[in-house]
Every structure is written in structure tokens, then in C-alpha cells.
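Reading through the C-alpha cells given below for one structure.
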There are 2 protein chains.
Amino acid sequence: MTGLQSRSGAGRRRASHSMESVLTEAVALLDEAGAPALTFRALAQRLGGGVASIYWYVASKEELLDRATDHVMGAVLSDVERLPGSDDPIDDLRAMAVTLFGAIVRRPWLGAYFMRNVDVQGNSLRLYEKLGRQTLRLNLTAHQRFHAVSAVVGVVVGSAVDMGQEPPQEILDGAATREEFLGRFAEAWRELDPEDFPFVHEIVDEFDGHDDVDQFRSALDLTLAGLRLQAGA
Amino acid sequence: MTGLQSRSGAGRRRASHSMESVLTEAVALLDEAGAPALTFRALAQRLGGGVASIYWYVASKEELLDRATDHVMGAVLSDVERLPGSDDPIDDLRAMAVTLFGAIVRRPWLGAYFMRNVDVQGNSLRLYEKLGRQTLRLNLTAHQRFHAVSAVVGVVVGSAVDMGQEPPQEILDGAATREEFLGRFAEAWRELDPEDFPFVHEIVDEFDGHDDVDQFRSALDLTLAGLRLQAGA
DNA sequence: CGTCGTACCGAACGTTGTTCTATCGTATCG
DNA sequence: CGATACGATAGAACAACGTTCGGTACGACG
């Protein structure tokens with residue numbers, strides 16, 4: 001048993017991937033520790049292969065991110081398609097947006113990447129179509145329909161970005177919960193001069209321990225109420 | 001004259017910075033070529049100094065970005081404060097949001113960073129306060145006020161993110177204008193099966209050559225209409 | 001004059017995305 | 001059956017990045 005590489009027994013074995021496994025493991029990395037955790041080296045290690053092999057499946061990190069995003073958007077899309085549907089297009093629009101937002105809550109990294117490329121043939125485009133089809137049931141101009149869907153997507157993105165940002169180190173460490181972190185923010189706000197910051201004082205209790213989903217639903221309801229008004233129904 | 005460093009005449013001169021100049025040059029880099037252009041090395045070169053010197057002013061790139069953002073948000077804040085103001089709080093809210101969005105149109109990189117840290121003592125917090133103060137003039141609960149401002153900020157962020165993404169290489173090269181790029185998208189959409197994508201076909205003409213500011217204003221008007229409804233006025 | 005704190009900087013470190021080049025295994029073909 | 005082509009894999013190297021380390025210049029102060 002010298003130090004030379006043994007060529008028999010447990011010798012170096014080649015890894016055998018597939019587009020599917022690459023994407024699945026990429027998503028797993030993103031899910032476990034967010035966007036910074038997805039590196040070619042970490043991914044290669046998980047796949048039991050070399051770094052350069054991944055480049056056989058994707059041409060760049062951007063493409064990897066796009067494909068990984070599209071991968072999970074496929075699941076979101078079928079969730080949306082499984083939605084019952086009602087006689088109120090605006091209620092249906094709301095249900096779809098809530099479903100989409102729920103997926104982003106479960107995968108915060110999605111917020112930064114979904115809808116970046118509403119590329120031809122992507123699941124994002126199909127989702128966009130699904131949303132838009134509800135506006136076809138409303139009494140609107142094409143112009144208004146286009147803007148309505150943009151607005152709904154905008155609300156989702158706007159709320160998602162808030163959530164998508166990496167939590168500070170102390171939360172990842174488990175040294176502090178999210179509530180503690182938000183609470184410390186609230187505390188600092190309470191220290192502010194009430195003369196200079198009347199509004200901040202007004203809402204600091206609401207901010208403290210607030211729920212992201214509530215916040216999103218409220219914003220969504222506002223634009224949907226505006227849309228209902230616009231459709232004159 | 002040996003190869004030794006000359007210590008007289010045009011010998012190496014030390015650069016003398018200041019927090020102000022660091023932030024100004026950082027913003028200049030961001031303005032000229034977007035977020036990827038802001039590197040410590042590029043910044044040091046512009047300042048005529050060494051890379052490590054920057055660390056005397058900021059502890060990390062994150063802090064550099066935060067301070068640069070806050071720097072320009074100061075200007076945005078005074079723009080907002082210079083706004084005339086009317087007897088309709090919702091109109092005022094709209095004017096503020098439009099001003100904010102305008103600043104992001106001029107500096108697309110802002111979209112990704114502003115409101116990331118509504119830190120204590122930041123200009124973003126002051127802007128948040130300014131927005132919120134308008135809701136104090138409306139007949140709402142504190143809960144509703146908090147969500148109203150979140151919604152308005154969400155609309156701005158949602159539209160800004162759309163714009164904030166780096167344009168593809170060919171536009172930076174000048175090989176294609178933005179209109180051409182969007183037009184090619186529209187063309188691809190027109191190729192889609194109208195049976196499968198009725199909505200995309202409905203709005204493809206709107207998408208082609210659409211204006212980001214229009215899109216934003218429409219989304220904003222929808223949530224403001226919803227808000228007006230909620231305030232019962 | 002010596003010391004201390006501020007301001008500064010070159011060089012190096014570790015990590016990242018990416019490319020180059022070489023290899024293995026298997027199907028195909030003369 | 002051997003040669004060849006191609007799909008698939010991988011180690012090593014590269015450039016660029018954020019960051020750290022050690023040290024230098026210099027005015028202020030005792």
C-alpha cells in the first residue's frame with residue numbers, strides 16, 4: 001500500500017449526471033442556504049463530480065439560475081392550474097397571486113429571479129398568460145389589461161423583494177429569531193423623536209411582529225380593488 | 001539615475017480622499033455602468049489611491065453600497081420635500097411616489113438597493129416617514145396606514161426591479177437599442193399559438209414600445225384608487 | 001525628540017465564475 | 001476486430017473579486 005493511487009476497488013469513479021439532477025441539486029442548495037450557497041464548486045461536490053462538468057449542461061451561472069428558476073416555476077404553474085376558479089375573475093386573480101407569493105415565501109431566493117426572464121417558452125410566460133387570461137373576462141381595454149397584469153406581478157415582486165434579501169448573519173446562526181430582529185428594529189424606532197417621526201410612531205406596533213403574508217395580501221387587495229373599480233363592476 | 005524609486009520630483013504621491021469623495025465616485029461608477037462596475041479596484045483607481053484605503057472609510061462592500069444609496073437618497077428626499085403639496089393626501093402620495101420612481105429611472109441600480117436597509121437614521125427612513133405622514137390625513141386605522149405605505153413602496157420596488165436588471169450585452173454595446181430588443185421579444189410572442197396564449201396576443205402590441213413610467217403610473221393609480229376607496233373618501 | 005493616532009497603500013489570501021486541455025466509455029463503421 | 005467519432009467527464013489554471021495584513025508617511029502633542 002504505497003501512496004500511489006489505487007486503480008482497483010474504490011478507485012476514482014466518474015460521476016454521471018443529467019440535466020434533471022443538476023437542476024434538482026441546484027434548487028436544493030438554493031433552498032438550504034440561499035443564493036450565495038449556489039456555487040459551481042458546491043454543486044459539483046453534491047453531484048460527486050468535477051466543476052467543469054456542469055458546463056456541459058449550462059453555459060453560465062446565469063443560465064443555471066434561469067433554468068433552476070424555471071424548474072420550480074413549473075411546479076408553481078401546476079399549482080396555479082389546479083386552482084378551482086370562480087365566477088369572479090378578480091377573485092381568481094387574487095388566488096393565483098397568493099399561490100405565487102406562497103411559493104416565494106417557501107423559497108425566498110425565488111423573489112430575486114422569477115420573472116427576470118419572461119422568456120419565450122418559459123413557465124413564467126405561461127404563468128403570465130394564466131394571470132392575463134383573467135383580465136380578458138373583465139371589461140377593460142388591451143392597454144388596461146396589460147397594465148393590470150403588470151401591476152399584480154409588480155405587487156408580488158415588490159413584496160417578494162422585501163423578503164428575498166438575505167437575513168443578517170445572526171439569524172442564520174440562530175443567535176436571534178426573526179421576531180427578535182424585527183423587535184430590535186421596532187425598539188430603535190420607538191426611540192426616535194415623535195415630533196420628527198409621527199408616522200413611524202403611529203405604526204411601530206404594527207411593524208413589530210408583522211406578518212409578511214398579511215402585508216402582501218393588503219397590498220394586493222388595494223390594487224385589486226382599484227382594478228375592480230376600473231372594470232366598472 | 002538607477003532603477004531605484006525616485007523620491008523627488010514626480011515621485012509617488014499619496015492620494016487624499018474623504019468620505020464625500022469616496023461616495024461621490026462610487027455613485028459615479030454606479031451611474032456610468034451599473035452595479036457590476038463598482039469594484040474596490042475601479043473605485044481606488046478613480047480616487048487615485050490604493051485599494052485598501054477605501055477600507056478606512058467603509059468596513060465592507062455592503063456598507064459602501066448602503067452609504068452610496070443613502071447618499072443619493074438624500075437628494076431624492078429633498079426633491080420630495082420640495083414638492084408643493086395639495087389638499088388631497090392621495091395626490092400628494094402619488095406625487096412623492098412618482099418623484100421617487102423618477103430618481104430610479106435615472107439611476108436603475110437604485111432599484112436593487114434602496115429600501116434594503118430602512119435603517120435607523122437613514123434617508124430612506126425619512127422618506128418612509130414622509131410617505132406615511134400623508135396617510136395620517138386619511139381616515140384609516142394604524143394597521144391600514146402601515147399596509148398602505150408598504151403597498152405604495154411595494155409598487156415602486158416592483159416596477160423598479162423590472163427596470164433595474166442589467167440590460168443584455170447587445171444594448172450596452174449599442175448593437176441594439178432598447179426598442180429593438182423589446183421589439184424582438186414582441187415578435188417572438190407573436191409567433192406563439194393564439195389558442196394557447198390568447199392574452200399574450202391581446203397585449204403584445206401594448207408591450208411593444210411600452211413606456212416604463214406609464215406602466216408604473218398605472219400600477220400606482222390602481223393601488224391609490226383602492227386606498228381612496230378604503231379611506232371612504 | 002519621541003510617540004501616538006490618522007490616513008494611506010502594496011502585496012497577498014481565499015473564493016468565485018470560467019476556460020483549456022485531456023481523458024474515459026460507448027456506439028458506429030470499414 | 002480495430003479505428004474513429006462523439007457524448008460526457010474532470011483537473012488544473014486563469015482572471016477578477018472582496019478582504020486582510022503589515023507596514024509607511026505625517027501632523028499633533030507631550
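Convention: sequence-line order gives letters A, B, ...; per-chain numbering from 1.
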Spacing of F114(A) atom CZ and D66(A) atom CG [to the nearest 0.5 Å]: 13.5 Å

Separation of atom CD1 in I54(A) from atom P in dG17(C), rounded to whole Å: 9 Å

Whole-Å distance separating the CH2 atom of W56(A) from the P atom of dT18(C): 18 Å

Parallel, tilted or perpendicular: ring planes of Y55(B) versus F40(B), cut at 30 and 60 degrees: parallel

Pair Q215(A), H210(A): side-chain N/O donor-acceptor within cut-off below 3.5 Å: yes

Separation of atom NZ in K61(A) from atom P in dT18(C), rounded to whole Å: 8 Å

Donor-acceptor pair, side chain of N123(B) and main chain of D70(B), under 3.5 angstrom: yes

Sub-4.0 Å heavy-atom contacts from residues 23-47 of chain B onto DNA chain D, ordered by number: L38(B), T39(B), F40(B), R41(B)

side-chain N/O S53(A) vs dA10(D) OP1/OP2, d < 4.0 Å: yes

is_close_aromatic(W189(A), F207(A)), centroid dist under 6.0 Å: yes

Nucleotide of dG18(D), dT18(C), dT9(D) approaching Y55(B) most closely (side-chain heavy atoms): dG18(D)

H201(B) side-chain N/O to R190(B) backbone N/O, donor-acceptor pair under 3.5 Å: yes

5′-ward residue of the pair S16(A)/A52(B) relative to DNA chain D: S16(A)

